[in-house]
Amino acid sequence: AWRKYSPQGFKTKDEFEGEVVRHIETTLARSLFNCDELAAYSGTSLAFRDRLIIDWNKTQQRQTFADQKRIYYLSLEFLMGRALDNAMLNVGLKGVAKEGLEDLGFRVEDIISQEHDAALGNGGLGRLAACFLDSLASLNYPAWGYGLRYRYGIFKQEIENGYQVEIPDYWLDFNPWEFPRHDVTVDVQFYGWVNKYTDDEGKQVVSWQDGELVTATAYDAPVPGYGTPTVNNLRLWSSKASSGEFDFSKFNSGEYESAVADQQRAETISAVLYPNDNLERGKELRLKQQYFWCAASLHDIVRRFKKTGRTWDEFPDQVAIQLNDTHPTLAIVELQRILIDKEGLEWPKAWDIVTKTFGYTNHTVLPEALEKWSVPLIQNLLPRHLQLIYEINLYFLQQVERRFPKDRDLLSRVSIIEESTPKMVRMAYLAIVGSHKVNGVAELHSDLIKTTIFKDFVTVYGPDKFTNVTNGITPRRWLHQANPRLSELIASKLGGYDFLKDLTLLNKLEPFIDDKDFKKEWAEIKYANKVRLAQHILKTTGVSVNPKALFDVQVKRIHEYKRQQLNIFGVIHRYITLKGLSAEERKKVAPRVSIFGGKAAPGYWMAKTIIHLINKVGEVINNDPEIGDALKVIFLEDYNVSKAEIIVPASDISEHISTAGTEASGTSNMKFVLNGGLVIGTLDGANIEITREIGEQNIFLFGNLSEDVEDLRHHHFYGNYQVDSELQKVFDLIKSGKFGDESAFGALIAAITEHGDYYLVSDDFDSYRKTQDLIDETFKNQEEWVTKSITSVARMGFFTSDRCINEYADTIWNIEPLAVADEK
Ligand code: 26W
């Protein structure tokens with residue numbers, strides 16, 4: 001009966017409008033007479049939220065009854081972006097909403113763009129977690145995401161006088177997508193000391209005492225699948241002072257300030273996302289975040305398992321936990337602690353359960369990104385965990401000793417404890433030892449971890465513990481949502497939208513590569529997307545760009561290894577070349593817009609210098625009347641998920657030009673190709689597999705190979721090193737002061753000329769330039785260009801995150817989708 005009265009099931013335009021109006025007038029207590037776009041956004045999202053809630057509850061019930069194995073994805077970052085558009089498309093009612101909003105006097109795009117991005121992540125790793133949640137729900141896997149509910153997401157970037165300025169990202173003003181669960185809490189302990197004693201019955205008891213308690217409160221967000229009844233749960237923990245520990249009497253006894261200080265200290269734990277990408281700094285607050293989130297999640301998972309009344313042997317048949325990088329490695333120690341200290345299991349039995357439960361994904365080989373925590377820091381914050389880490393290490397090293405007797409060198413190389421001053425805990429080693437599978441995120445990367453950073457563990461465990469799962473992206477957001485016209489064109493040829501659920505169906509596009517009308521439409525859509533980006537550029541930078549020019553895009557976090565400096569040096573070289581041409585000759589050049597975007601970690605000075613240089617070069621070139629449309633340089637502020645949805649569909653060429661062997665996978669490379677853009681790239685990360693899938697003739701590869709990098713670096717120091725002569729011209733122009741105070745850029749040049757050019761910018765400069773020239777030539781032949789574009793899209797089926805999730809499910813998690821009788 002309640003279903004009859006339930007308003008949640010709107011299907012028609014009129015019902016939708018009714019729901020929006022009801023929410024605006026009652027839920028939001030606003031009058032329709034001053035209904036602005038924000039109010040319309042709020043009403044619309046509440047209406048869609050209602051629809052999701054029913055399926056969400058049912059999904060949770062269904063999963064509980066089915067009582068089968070679940071996957072828990074632990075990630076410190078979930079870069080979700082906006083939720084409304086996604087909800088509309090997944091529920092299949094965007095058309096209804098569009099018409100309904102029109103009746104109310106709004107455009108659906110304007111309403112969608114009112115939403116604040118959920119930007120709880122830095123870059124690739126966080127966005128991957130978001131794509132995975134989408135695939136898990138769309139494939140009906142029983143899955144939960146666990147993370148932290150940061151009050152501040154990744155900072156907002158503004159550019160002032162060419163410099164990056166960071167603005168705090170307070171995103172929770174109005175967030176209809178989260179549900180506080182004040183009844184779901186966990187008290188998490190810090191500091192204190194360990195009491196070991198024998199009780200009256202002669203049993204060894206270990207008790208972690210005193211210290212301080214912080215309460216974790218669950219906030220849940222629905223994760224809808226595309227066209228499925230599954231709505232999974234993303235659970236984020238928020239910290240506050242525990243009522244158990246918080247001394248309320250202080251309020252009355254005049255210690256008001258210190259009472260509030262206690263409370264604030266607790267709330268600080270989940271206050272802010274660390275904005276470092278690929279750099280580990282060893283701050284105590286970060287370790288607190290990690291343990292707070294791991295402990296809360298583990299207790300939640302164990303509580304749920306215990307309700308089933310099963311025995312502990314069955315835990316790994318019910319629970320798979322995937323560690324998104326080493327950030328959640330303490331979860332391994334925490335589960336062992338629960339099993340030993342609380343549940344009274346014997347060590348080998350407990351450890352067997354732990355290792356069967358966990359899988360660990362590595363996302364980087366950069367040494368500065370590998371997490372190490374100092375022993376004294378852990379000792380102070382988590383005294384019991386430090387003991388357990390030492391025991392885990394001992395247990396492991398004894399095994400190694402048995403298999404490789406007297407190889408003391410091997411023992412010290414694989415030890416979880418690094419014998420430095422102070423001693424350090426190597427989190428990646430702990431994660432390997434505590435998991436049954438370790439995976440890299442692209443073939444080259446997975447090979448590299450086996451031959452470099454984790455080589456000794458291949459010796460110890462054999463190669464089968466290590467595997468590869470090449471990353472993927474969700475075609476729902478990155479094709480259908482970001483590029484609706486292209487999605488529609490594809491659907492018209494393929495006879496429907498099935499390709500969004502089985503991306504390999506895209507190969508049915510290949511027969512159409514000679515279809516003139518199809519090609520024309522394909523090119524028109526790209527052009528329309530470029531016009532839209534040009535409007536965004538004009539609005540945000542004041543620079544007018546020609547949408548007919550070649551749009552050359554590099555958007556990603558700013559990092560020396562990603563080599564935005566190679567790109568901007570190439571741009572400067574192009575400028576020098578253009579200046580050397582006559583006005584007549586310049587008219588024949590293929591016009592180009594070089595578009596950059598991305599954030600630098602606030603403390604990463606070199607990355608900030610790169611941003612500064614890009615902006616200064618833009619100022620000079622964009623205002624040089626001789627150059628005109630031939631070259632424009634744009635830095636787009638505050639690159640994020642929702643801006644990516646505008647930028648990605650509008651690129652002709654995108655740059656994925658990391659030093660070979662440094663970019664684990666890359667995922668935006670996949671997004672750009674899926675949207676009909678071509679790629680200039682190095683033989684690195686997933687570029688290699690993209691090439692294999694789409695064919696060498698459809699990608700512009702350049703640069704040195706990963707196997708040669710080490711020798712080249714060596715040569716820089718010990719050979720007679722000479723900077724590429726064309727690159728030297730670029731340096732000379734910068735040093736002349738052409739782009740402002742040259743001393744600002746000295747370090748950038750010195751890194752190459754004096755400090756060994758670690759990222760091989762000079763070694764790759766020549767082939768980079770020549771490849772860019774080839775791109776100009778190819779672009780002039782639009783016919784050929786569009787053929788490459790269509791062929792590439794047709795061959796991108798492999799890179800859906802659905803394939804990726806199915807591989808994890810089969811080879812690591814051993815879980816099955818939960819089949820659903822069609823009840824919709
Ligand atoms: C501790 C500081 C820190 C923070 C974040 C270290 C490392 C990270 C991440 C692992 C960095 C990251 O995002 N890695 C990226 O992961 C993507 C998804 O697998 C890959 O596509 C990128 O190549 C990789 O750089």
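One-based numbering, in listed order, for ligands and for the atoms of each. Just so we're clear, the structure is a prediction, and the values are computed from it rather than from any experiment.
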[X] and [Y]: side-chain donor and acceptor closer than 3.5 Å?
X	Y	answer
His363	Asn324	yes
Gln164	Tyr604	no
Thr361	Asn439	yes

Open item on the list: Can you tell me which residue among Tyr73, Tyr141, Phe132 is in a ring-ring contact (aromatic ring centres under 6.0 Å, His included) with Tyr808?
Closed with: Phe132
Open item on the list: Taking the ring centre of each residue, are Tyr429 and Phe457 less than 6.0 Å apart?
Closed with: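 Judged by ring-centre distance (under 6.0 Å), Tyr429 and Phe457 do meet the cut-off.
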- [ ] With sequence neighbours excluded, give me every salt bridge (Lys or Arg N to Asp or Glu O under 4.0 Å) pair touching residues 656-684.
- [x]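 Only Lys562-Glu663 qualify under salt bridge (Lys or Arg N to Asp or Glu O under 4.0 Å).
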Give every pair made of an N or O atom of ligand 1 and a protein N or O atom lying under 3.5 Å apart, one pair per line with both atom names and the distance to 0.1 Å, or write 'none'.
| from | atom 1 | to | atom 2 | distance (Å) |
| --- | --- | --- | --- | --- |
| ligand 1 | 13 (O) | Leu125 | N | 3.1 |
| ligand 1 | 19 (O) | His363 | ND1 | 2.6 |
| ligand 1 | 19 (O) | Asn471 | OD1 | 2.9 |
| ligand 1 | 21 (O) | Gly666 | N | 2.8 |
| ligand 1 | 23 (O) | Glu663 | OE1 | 2.7 |
| ligand 1 | 23 (O) | Ala664 | N | 3.3 |
| ligand 1 | 23 (O) | Ser665 | N | 3.0 |
| ligand 1 | 23 (O) | Gly666 | N | 3.0 |
| ligand 1 | 25 (O) | Tyr561 | OH | 3.2 |
| ligand 1 | 25 (O) | Glu663 | OE1 | 2.9 |

